[in-house]
Amino acid sequence: MVETKTMPVSGKKIFPLPRHVAIIMDGNGRWARRQGLPRLAGHRAGTDNVRRIVEAVDGYGVEYLTLYAFSTENWRRPGREVNGILHILAGMIDRETEALHKNNVKLSHLGRLDGLSPALKTKVLNAVELTKNNSGMTLCIAFDYGGRAEILDAVRRIVRDEVSPEKIDEALFGKYLYTADVPEPDLIIRTGGEMRLSNFLIWQAAYSEFYTTPTLWPDCTEEDIEKAFIAYSQRERRFGGIKDEGEAKTD
Ligand code: FPP
């Protein structure tokens, strides 16, 4: 029997739900400008929205949620903005880790840690360690994350491990990525209306469904997420094959 899930906002029954949802949280700067506020106020409002969306996505029974919080390219932003975001991350770990742990959420970090201060690096590692045995939703925070950097890091480790070329296939390569323990995202949602991946999970997104909403991240609600899930449930995923009509073919 096909298990449908009733959506709390629309009351619609849908199937299937994505197992792994990844979100590009874009639009904080535009949100701030529209309110006549500095960009950092937008990032603070965006941070306040993280809890609401994490709780909503967890409530749907999604197994993995990845949030793109800071890219390797975001270091190019003015120092004040970068320092502000680093400060926001530290505050968020301090405030939210205990509640996430109580809710059985497992925290994971995707990206590099070397660019962070030793104190912030320790905070991230401690939060991951504290929650590592939790069996609920896995929340991956992509921070100082870049898809190209991830692929290069994987190549460096493969070379260091002296893996013989004929042993390198997609499965082995995947095990060298930051996402070794995480399935590929089924659905990537981008807020703020742009239609690009911006170096996010570029290996893993090969067959992900993409959904964009014009809603700016600080304004993103459970309703926007639900619309994305409904759209996802109506997509036909073929992974390069053809529609299954009794006989699977990939030519
Ligand atoms: C994109 O908006 C947003 C960011 C670069 C930062 C996102 C960070 C947070 C929401 C806070 C930290 C969250 C966690 C989970 C640690 P933008 O500044 O590019 O917006 P714009 O396109 O309107 O200028």
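Worth knowing before you read on, the calculation uses all heavy atoms, side chains too, and leaves out hydrogens, waters and symmetry mates. Every number for a ligand or one of its atoms is a count from 1 in the order of the listing.
Protein neighbours of ligand 1 below 4.0 Å, counting non-hydrogen atoms: Met25, Asp26, Gly27, Asn28, Gly29, Arg30, Arg39, His43, Gly46, Thr47, Ala69, Asn74, Arg77, Leu89, Met92, Ile141, Trp217.
Here His20 pairs with Tyr64 under the ring-ring contact (aromatic ring centres under 6.0 Å, His included) rule; sequence neighbours left out. Here Tyr176 pairs with nothing under the ring-ring contact (aromatic ring centres under 6.0 Å, His included) rule; sequence neighbours left out.
Judged by distance alone, the side chains of Asp224 and Thr215 do bring a donor and an acceptor atom under 3.5 Å apart.
The aromatic rings of Phe239 and Tyr207 sit tilted relative to each other, their planes meeting at an angle between 30° and 60°.
Ile88 belongs to a hydrophobic cluster whose remaining members, ordered by chain and number, are Leu40; membership requires side-chain heavy atoms of ILVMFWY residues under 4.5 Å apart, directly or through intermediates.
Put simply, the residue from Thr212, Val21, Ile24 that forms a side chain to side chain contact (heavy atoms under 4.5 Å, CB included) with Ile188 is Ile24.
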